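Read through the structure below, which is laid out as structure tokens, and then see the notes.
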Amino acid sequence: AYTPRDYFLKSIDFIAAPEDHYGALPLAIAAVFAHLNGLMYFQFKQVAEDSPTMTVTGQGPNGFLCASQFDEQGSYLDISDGGELLWSRAGSNLRRNLAKWRKRLNREGRAETLEWISAGKGAEALEVFMTMEAAGWKGRTGTPIVNTESQIRLFRQLDRELADTGELQWWFLMLSGKPIAGAMARRFADVLCIAKIAYDEQFARLGPGNLLFEDILTYACRDPAINRVDLISDMAWHDRWKASKRRYYHVWLYPANMRSTLFGYLPRRAYQVLRKRSPAANTGNTGNDQVHD
């Protein structure tokens with residue numbers, strides 16, 4: 001058994017109060033094994049390295065043998081200093097391009113960046129964003145929200161439920177009243193998470209996606225309560241902003257019985273030992289696979 005993973009899901013984790021995590025996680029997983037008869041293991045797919053789940057499984061929860069394996073990275077920007085380091089690290093080439101795009105944009109017409117929910121236009125934001133996303137490169141690769149009915153339902157539900165919590169933000173870069181770039185963001189505690197971003201490719205020469213992202217960063221840096229902008233995925237354009245990387249791991253929990261140990265845990269451990277000894281492929285994996293007794 002394992003947590004879901006697809007193009008739209010980066011990570012699904014176990015959530016508990018910090019003081020309860022160590023005791024609650026093994027009990028929850030034990031309940032899964034009790035419910036699904038004959039289960040060999042439970043796998044968390046892509047758990048963030050700073051998750052309490054990594055700490056608990058690293059300490060070896062009672063009744064389980066655990067293993068972890070690096071999968072991929074996710075990008076984030078630390079702005080706990082108000083963005084001073086962020087802007088100083090941004091390369092001169094990026095700054096020149098932003099200035100150039102901003103001048104072009106302002107020559108084209110009246111430009112402004114708006115957060116639509118606070119501006120009273122939140123009801124139409126998702127529909128506008130989905131249309132914009134489908135008209136760009138995601139439409140050509142077959143990955144926009146509108147290509148999958150289940151994803152349309154999911155994002156409409158997210159749009160409705162997150163708006164009710166006050167955590168949802170819809171950002172749009174407007175040119176003479178027309179949205180030319182958009183982003184779906186979630187404000188949660190001290191983190192602003194950029195879940196989706198897209199732009200109208202008719203205006204690509206104006207760098208609308210980059211300008212919108214610059215404006216969102218400026219907003220976040222001015223809010224002393226926001227310490228991090230999380231980009232979730234690991235895309236090439238994140239490197240322009242000198243984004244920091246957070247590692248994500250697959251984590252397996254095997255019940256400490258003979259069947260799971262012999263046919264699950266020990267083969268996994270042997271595979272990881274051999275993997276460390278073999279020349280590593282250029283996958284980004286630094287060989288930090290771990291096995292916990």
Side-chain angles (χ1 to χ4, degrees), residues 8-18 46-53 73-87 90 112-130 132-133 145 151-174 179-199 208-235 237-238 240-246 248:
F8 294 95
L9 292 174
K10 177 72 172 182
S11 175
I12 294 180
D13 201 353
F14 179 77
I15 300 176
Q46 292 194 312
V47 178
E49 62 182 335
D50 55 354
S51 164
T53 296
Q73 300 182 129
S75 302
Y76 70 93
L77 296 163
D78 185 341
I79 58 168
S80 55
D81 63 351
E84 289 185 18
L85 181 60
L86 165 69
W87 296 120
E112 60 179 339
T113 293
L114 296 175
E115 198 290 296
W116 275 26
I117 293 179
S118 60
K121 302 178 67 175
E124 58 185 295
L126 175 59
E127 304 304 317
V128 172
F129 180 85
M130 289 194 298
M132 180 186 299
E133 182 189 52
I145 296 171
Q151 295 303 319
I152 295 174
R153 291 196 301 270
L154 170 64
F155 277 90
R156 283 178 176 161
Q157 180 180 355
L158 287 173
D159 183 53
R160 181 176 63 254
E161 294 184 355
L162 289 178
D164 289 343
T165 68
E167 296 173 359
L168 180 65
Q169 297 180 357
W170 280 108
W171 290 91
F172 286 93
L173 175 61
M174 314 290 292
I180 63 172
M184 178 186 185
R186 182 189 183 188
R187 171 72 183 274
F188 183 73
D190 65 342
V191 177
L192 182 65
C193 179
I194 310 297
K196 285 279 189 180
I197 192 164
Y199 64 92
N210 289 281
L211 294 178
L212 174 63
F213 187 62
E214 180 188 25
D215 290 343
I216 295 173
L217 279 181
T218 300
Y219 154 84
C221 290
R222 288 174 178 169
D223 187 336
I226 300 178
N227 289 319
R228 184 170 68 187
V229 175
D230 198 334
L231 302 172
I232 309 175
S233 58
D234 185 17
M235 306 293 288
W237 69 268
H238 300 168
R240 296 180 209 147
W241 296 89
K242 303 297 189 292
S244 300
K245 305 296 180 180
R246 183 165 60 162
Y248 286 80

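No experiment lies behind these values; they were computed from the predicted model shown.
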Matching residue for Trp171 among Phe129, Tyr219, Trp116 - test: ring pair (Phe, Tyr, Trp, His ring centres under 6.0 Å): Tyr219
Distance, nearest 0.5 Å, that separates CD of Glu133 from CE of Met184: 11.0 Å
Gap between atom OG of Ser244 and atom CD of Gln73 - 0.5 Å precision: 10.5 Å
Separation of Trp87 CH2 from Asp81 CG (nearest 0.5 Å): 12.0 Å
Gap between atom CD1 of Ile152 and atom CZ of Arg156 - 0.5 Å precision: 5.5 Å
Option from Lys121, Met132, Glu124 for which side-chain contact (heavy atoms from CB on, under 4.5 Å) with Pro179 holds: Met132
Contact summary for Arg187 and Ile226, nearest pair of heavy atoms: CZ-CG1, 3.4 Å
From Lys10 atom NZ to Asp234 atom CG, the distance as rounded to the nearest 0.5 Å: 7.0 Å
Shortest non-hydrogen contact between Leu77 and Ala243, atoms and distance: CD2-CA, 3.6 Å
Shortest non-hydrogen separation from Leu168 to Ala163 and the atoms involved: CB-N, 3.8 Å
From CA spacing to verdict: side chain to side chain contact (heavy atoms under 4.5 Å, CB included), Trp241, Leu217: CA-CA 11 Å; Trp241 296 89; Leu217 279 181; 3.6 Å; yes
Residue that, paired with Ile216, satisfies side-chain contact (heavy atoms from CB on, under 4.5 Å) out of Leu173, Ile194, Val229: Ile194
Gap separating the CZ atom of Arg186 from the CD atom of Glu167, nearest 0.5 angstrom: 4.5 Å
Residues Ser80 and Asp78: side-chain donor-acceptor under 3.5 angstrom: yes
Minimum heavy-atom distance Ile197-Gly209, with the two atoms named: CD1-O, 4.1 Å
Any donor-acceptor pair under 3.5 Å from Thr113 side chain to Leu212 backbone: no
Distance-only side-chain donor-acceptor flag, Asp159 / Trp170, under 3.5 Å: yes
Heavy-atom pair of closest approach, residues Glu49 and Lys245: OE2-O, 4.1 Å
Student check: side-chain heavy atoms of Tyr76 and Asp230 closer than 4.5 Å: yes
Residues, nucleotides or ligands: over 12 heavy atoms within 6.0 Å of Glu127 CD: yes
Minimum-distance pair of heavy atoms, taken over all atoms of Ser11 and Tyr248: CB-CE2, 4.0 Å
